[in-house]
Amino acid sequence: MYRSHTCGELRPGHAGHEVTLAGWVHRRRDHGPLIFIDLRDRYGITQVVFDAALDGAAHAIASEVRSEYVVQIRGTVRLRPAEAHNPEIGTGTIEVSASGASILNAARQPPLYISRDGNEEEALRLRYRYLDLRRGRMQRNIILRHQIVKFIRDFLDHEGFLEIETPILMKSTPEGARDYLVPSRVHPGQFYALPQSPQQLKQLLMVAGFDRYFQIARCFRDEDQRADRQPEFTQLDLEMSFVDQEDILALMERLFVALAAAVVPHKRVVVPFPRLTYAEAMDRYGSDKPDLRYGLAFTDLRATVAGSSFAVLRDAVARGDAVRGMAVPGCAGYSRRQLDELVELARQAGARGLLWAAVPADGGEVRASFARQVPADELAAIVAALGGQPGDLLLIAADAPRVASASLDRLRRELAARLRLADPDHLAFAWVLEFPLLEWDAEEQRWQAVHHPFTAPLDEDRDLLASDPGRARAKAYDLVLNGFEAGGGSIRIHQRDVQQQLFDLLGVSRETAQEQFGHLLEAFEYGAPPHGGIAPGIDRLAMLFADEPTIREVMAFPKTQQAADAMLGAPSPVDERQLRELHIRLRQP
RNA sequence: GGGGAUGUGGUGUAGAGGCCUAACAUGCAACCCUGUCAAGGUUGAGACCGCGGGUUCGAAUCCCGUCAUCCCCGCCA
């Protein structure tokens, strides 16, 4: 054994004990005849004292030691003098008086600071990820992530769920994201696909009668990256039989409330989770994943301005466009330049423009970008409709509904960030329900599944599939957390005729359906139970629980935005021999 | 595919056409120092300014290209 204790566990009760510790040299404070070394492992930090007068040999070794050396130390635990306590660390009331030391391994000067949270370029951190991971921030994040996954496993086990693994080598399907492909050696010219999610397999597990399934599943999508998107990521994949939407929502609510209480007890969760329909979310927040930690909700102004003397507003209503606004507290004093900035933000989101009105805090006259275009009483009516209070800045978008939503959403998030409206210790979970089942793809002139082709329509919208498919809503639900999509799921179609109707709408021929999904369709003919599921994203959850700005901060070895591994140098070219075995000839780009 | 930001000793920054033979902090090295905990003090080493080209008498600085990293739009059933 290299050690008798870890660097985080010694307490005053150990005083007088002979101990052996092993770890990394966190910091070294050399006073000549007296040297202090903070010894670190993942459990904590312990101060070791080398006194030349007590043990010259140990002191001589301590003189050679440098930061991040791996050392083993023998010594006696003793209480620190009261004035030398360090309340910052758990072991701060004791220290180890060294009677022996050995250097297990020397270390070069690290390219990044380990003993403090530095501000290095992320490229450097990723290249030396194993050093970055030594730091307190990363150690805490990785441990938190472990606790999250462990809690989920235990919770679902208690609920009667079975964890079942599904293959990583799967089959490519045309729907959804771009696949990562793996060439087959045995089947020349053919490829496996890495799973975008185990969607079809978990449905087959329901047909198999496993009833309650989950998996901490790695998923792969070859799409461009974002702060909250990586080419491979982890989902809690879950599916249940003999349930409806309410059962799934209730289970998830219990899970996440208990999870947050267990691993981030300082964070506040509001129960029950608020519920919004997709239409409400888009109308009131311009987003299907609104951050509900703050207000800044939008108000529909069409009724107020339908007869406006200002053509921009009147025509927008006549055209069927949206006219929406929000009141931003405390921003009435914005300068012309600041207002222009907001207008520019709206334009970047596709808006034709942005109207604004400022209600002075001192009760003076309302300033407005469109003051000359409307009479005073109409301006007052708009201010009243938006609930404008003294000090408020009112922002109004008149555009196609999508554009109005996008631009006001952009402004809402920007202003909330500037005004620091989002409480970092608030976990604002919410459900977004009643998503449309289909959306029209103008380019390909066909319907596309909003969620996926196996999502069931709402019972009351069943008939719309034949008469007005675009209006049919789905038994689909997204779990939203602090402005991120934390997970999505649906109740699945388990009846062959409904599935066929969907495929017909999606323009999937019987041959294509048979080729792509034949196994699933066939399975449904052998007795498929009603079933549904959900797939919360573990990375995003961990990111939000850890107060981190990106999911890379909660992944041990994330990839760069170009989907590369900066440490391993992946992807990389391979030998011609390997290519030949795989029957692959490269086409130069 | 598009828009934007960044790139200067090990690390983080400063530098805005000549003051740069590149500054500051920290880290690193040597020495001094008996209670520190981001120890302190003295001395010292360390970067041809991402890479390539151009403009100029002169480029870290201006221009073009390129590479890398990050943010956003598209994309992500």
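Just so you know, these numbers use all the heavy atoms, side chains as well, and skip hydrogens, waters and symmetry mates. Note that the structure is a prediction, hence the values are computed from the model and not measured. Chain naming here is simple, since letters A, B, ... match the order of the sequence lines and numbering starts at 1 in each.
The distance between atom CD1 of A:Ile35 and atom P of B:C37, rounded to the nearest whole Å, is 16 Å. One atom, CG of A:Asp38, and another, C1' of B:U36, lie 9 Å apart when rounded to the nearest Å. In this structure, the OH atom of A:Tyr113 is 4 Å from the C1' atom of B:U26, given to the nearest Å. Here B:G50 presents its P atom at 17 Å from CZ of A:Arg127, a figure rounded to the nearest Å. With rounding to whole Å, A:Glu122 atom CD is found 11 Å from B:U69 atom P. Protein atom CG of A:Asp179 is 12 Å distant from nucleotide atom P of B:C76, rounded to whole Å. Taking atom CZ of residue A:Arg125 and atom C1' of nucleotide B:G12, one finds them 14 Å apart after rounding to whole Å. Rounded to whole Å, atom P of B:U36 lies 13 Å from atom NE2 of A:His85.
For A:Ala123, whose side chain is taken as the heavy atoms from C-beta onward, the closest listed nucleotide among B:G12, B:G1, B:U69 is B:U69. Listed nucleotides: B:C70, B:G27, B:C71. Nearest to the side chain of A:Gln109: B:G27. Checked against B:C76, B:C71, B:U36, the side chain of A:Phe36 finds its nearest nucleotide in B:U36. Picking from B:G74, B:C75, B:U11 the nucleotide with the shortest atom distance to the side chain of A:Asp224 gives B:G74.
For B:C76 and B:C37, the C1' atoms lie 49 Å apart once the distance is rounded to whole Å. Straight-line distance between the P atoms of B:G46 and B:C67: roughly 34 Å, to the nearest whole Å. Across the P atoms, B:G18 and B:C71 are found 35 Å apart, a figure rounded to whole Å. B:G27 and B:A39 have their C1' atoms separated by 15 Å, given to the nearest Å. B:C19 and B:U61: their C1' atoms are spaced 14 Å apart (whole Å). Comparing the C1' positions of B:A29 and B:G54 gives a spacing of 42 Å, expressed to the nearest Å. Taking atom C1' on both nucleotides, B:A22 is separated from B:G65 by 26 Å, rounded to a whole Å. Nucleotides B:G15 and B:C28 are separated by 24 Å at their C1' atoms, to the nearest Å.
Contact between the side-chain N/O atoms of A:Arg29 and the OP1/OP2 oxygens of B:A39 is found at a separation under 4.0 Å. Applying the 4.0 Å criterion to OP1 and OP2 of B:C75, one finds that A:Arg226 has every side-chain N and O outside that range. Of the side-chain N and O atoms in A:Gln561, one or more sit less than 4.0 angstrom from OP1 or OP2 of B:C71.
Judged by ring centres under 5.5 Å apart and planes tilted less than 30 degrees, A:His31 fails to stack against the six-membered base ring of B:G35.
The base of B:C37 lies close enough to the side chain of A:Arg80 for a donor and an acceptor atom to sit less than 3.5 Å apart. Scanning atom types as modelled, no donor and acceptor separated by under 3.5 angstrom connect the side chain of A:Arg116 and the base of B:G27. You won't find any donor-acceptor pair under 3.5 Å spanning the side chain of A:Tyr128 and the base of B:G10, going by distance alone. Scanning atom types as modelled, one donor and one acceptor separated by under 3.5 angstrom connect the side chain of A:Arg78 and the base of B:G35. Side-chain atoms of A:Glu95 come within donor-acceptor range of the base of B:G35, with a qualifying N/O pair under 3.5 Å. One donor-acceptor pair, N or O on each side, does fall under 3.5 Å between the base of B:U36 and the side chain of A:Gln47.
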Stepwise ring pair (Phe, Tyr, Trp, His ring centres under 6.0 Å) test for A:His5 and A:Tyr43 = CA-CA 10 Å; A:His5 296 78; A:Tyr43 305 93; over 10 Å; no
Between A:Phe503 and A:Phe517, is a ring pair (Phe, Tyr, Trp, His ring centres under 6.0 Å) present by the stated rule, with each step listed?
-> CA-CA 11 Å; A:Phe503 281 149; A:Phe517 310 114; 5.4 Å; yes
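With respect to the salt-bridge test (charged N to carboxylate O, under 4.0 angstrom), the residues A:Arg125 and A:Glu120 do not qualify. Ionic pairing of A:Asp117 and A:Arg137 is not present here: no N-O contact between side-chain nitrogen and carboxylate oxygen is shorter than 4.0 angstrom. Taking 4.0 Å as the cut-off between side-chain N and carboxylate O, A:Asp291 and A:Arg293 count as a salt-bridged pair. One finds no salt bridge joining A:Arg412 and A:Asp409 here, because no Lys/Arg side-chain nitrogen approaches an Asp/Glu carboxylate oxygen to under 4.0 Å. Ion pairing between A:Glu223 and A:Arg178 holds under the 4.0 Å rule for side-chain N and carboxylate O.
The aromatic ring centres of A:Phe36 and A:His31 sit less than 6.0 Å apart.
Within a 6.0 Å sphere centred on CZ of A:Arg127, heavy atoms belonging to other residues, nucleotides or ligands number 12 at most. More than 12 heavy atoms of other residues, nucleotides or ligands sit less than 6.0 Å from atom CH2 of A:Trp431. Counting non-hydrogen atoms of neighbouring residues, nucleotides and ligands closer than 6.0 angstrom, the CZ atom of A:Arg11 exceeds 12 such neighbours.
Nearest-nucleotide assignment on RNA chain B puts the 5′-proximal partner with A:Pro549, out of A:Val450 and A:Pro549. Place A:Arg410 and A:Arg229 on RNA chain B by their nearest nucleotides, and A:Arg410 ends up nearer the 5' end.
Under the 4.5 Å side-chain criterion, counting only non-hydrogen atoms from C-beta, A:Met240 is not in contact with A:Tyr213.
Nucleotide B:U61 forms a pair with no other nucleotide shown, judged by Watson-Crick or G-U wobble geometry with both contacts under 3.5 Å. Using N1 to N3 plus N6-O4 or O6-N4 for Watson-Crick, or N1-O2 and O6-N3 for G-U wobble, each under 3.5 Å, B:C28 pairs with B:G44. B:C70: Watson-Crick or G-U partner is B:G4, with both key distances under 3.5 Å. In this structure B:U21 sits in no base pair that meets the Watson-Crick or G-U test at under 3.5 Å. Within the shown strands, nothing qualifies as a pairing partner of B:A38 under the Watson-Crick or G-U definition with both distances less than 3.5 Å.
For A:Ser197, the side-chain hydrogen bond (donor to acceptor under 3.5 Å, both in side chains) test picks out no residue, with sequence neighbours left out.
Among the atoms of the strands shown, only primed sugar atoms or phosphate atoms (P, OP1, OP2) are found under 4.0 Å from some heavy atom of A:Ala227.
For the segment residues 64-74 of chain A, the set of residues with a heavy atom within less than 4.0 Å of an atom of RNA chain B comprises A:Arg66, A:Ser67, in numerical order. Applying a 4.0 Å cut-off to non-hydrogen atoms, the residues of residues 194-202 of chain A that approach RNA chain B are A:Ser197, A:Gln199, listed by residue number.
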